[in-house]
Amino acid sequence: MKYDELKTLIKEARTTRRFKKDAKIEASDLKEILDLARTTSSAKNMQPIKYILVTKQQLVKQLAQSTTWAAHLKDWSQSEDEIPSAFIIMLNDQMIDGFPMFDAGASFTAISLAAKTKGLATAPLASIDKELCKKLFVIPDSYDVMIGIAVGISAEDVKLVNTDNLDTNYYRDENQTHYVPKRSLEQIIAGEY
Ligand SMILES: Cc1cc2nc3c(=O)[nH]c(=O)nc-3n(C[C@H](O)[C@H](O)[C@H](O)COP(=O)(O)O)c2cc1C
């Protein structure tokens, strides 16, 4: 893969919150993606992250409807026609010593990029209802529900922009294009020696 192709992939793999209705994702597709995610870096190579795959429509709907989507957008909430096709729930197996936050982030990056190459969009969701997950799924007491990842086919236009001030809140324009402001290179390089 060329650098420019990787750059495009990373720039286009954006958090997505409006998905195509009735698009079916097979558990086997998610498994293929997780087979890649399981090879990402892990502190001390302990690999504490476990996953639950959710493709049953009724369960996906319950999870979607109990999530807080786009807290910055006060005049939008996800409609039933916009819910994702699947969820991946990330769990931390607390019986395994490790650095789960970092491992989960590394894994999510692989998941979102792999999904993008398969024409799928993702959203990492810390607001996934953890208690609901414990009710819906068999989860050992030693597993902590960390984050949900919505997966589906995108039905929205998302664009990256550089923020020229300190405001990093995402926003939408009158055409409902979703803009994601990122700090510029100058703003994030804290030192050069
Ligand atoms: C750890 C983490 C938790 C997040 N939780 C939520 C969430 O609960 N609801 C939501 O709508 N977006 C959530 N997001 C998505 C962020 O809002 C999104 O990453 C941010 O707006 C930047 O957009 P981008 O991912 O396209 O760069 C989360 C992202 C991360 C990394």
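Whatever order the structure lists ligands and atoms in, that order sets their numbers, starting from 1.
Atom CD of Gln176 has more than 12 heavy atoms from other residues, nucleotides or ligands within 6.0 Å.
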Do Ser107 and Tyr51 pass the side-chain hydrogen bond (donor to acceptor under 3.5 Å, both in side chains) test, and can you show the C-alpha distance, the side-chain angles, and the key distance before you say yes or no?
-> CA-CA 11 Å; Ser107 170; Tyr51 306 86; 2.6 Å; yes

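Glu156 pairs by the salt bridge (charged side-chain N to carboxylate O under 4.0 Å, His left out) definition with Arg18, Arg172, not counting sequence neighbours.
For Asp173 and Tyr179, the side-chain atoms include at least one donor-acceptor pair closer than 3.5 Å.
Looking at every heavy atom in both residues, Leu53 comes nearest to Lys31 through CD1-CG, 3.6 Å.
Note that CD1 of Ile49 is 11.0 Å distant from OH of Tyr143, once rounded to the nearest 0.5 Å.
The contact shell of ligand 1, taken as protein residues with any non-hydrogen atom closer than 4.0 angstrom, comprises Arg14, Thr15, Arg17, Thr68, Trp69, Ala70, Pro124, Leu125, Ala126, Ser127, Ile147, Tyr170, Val180, Lys182.
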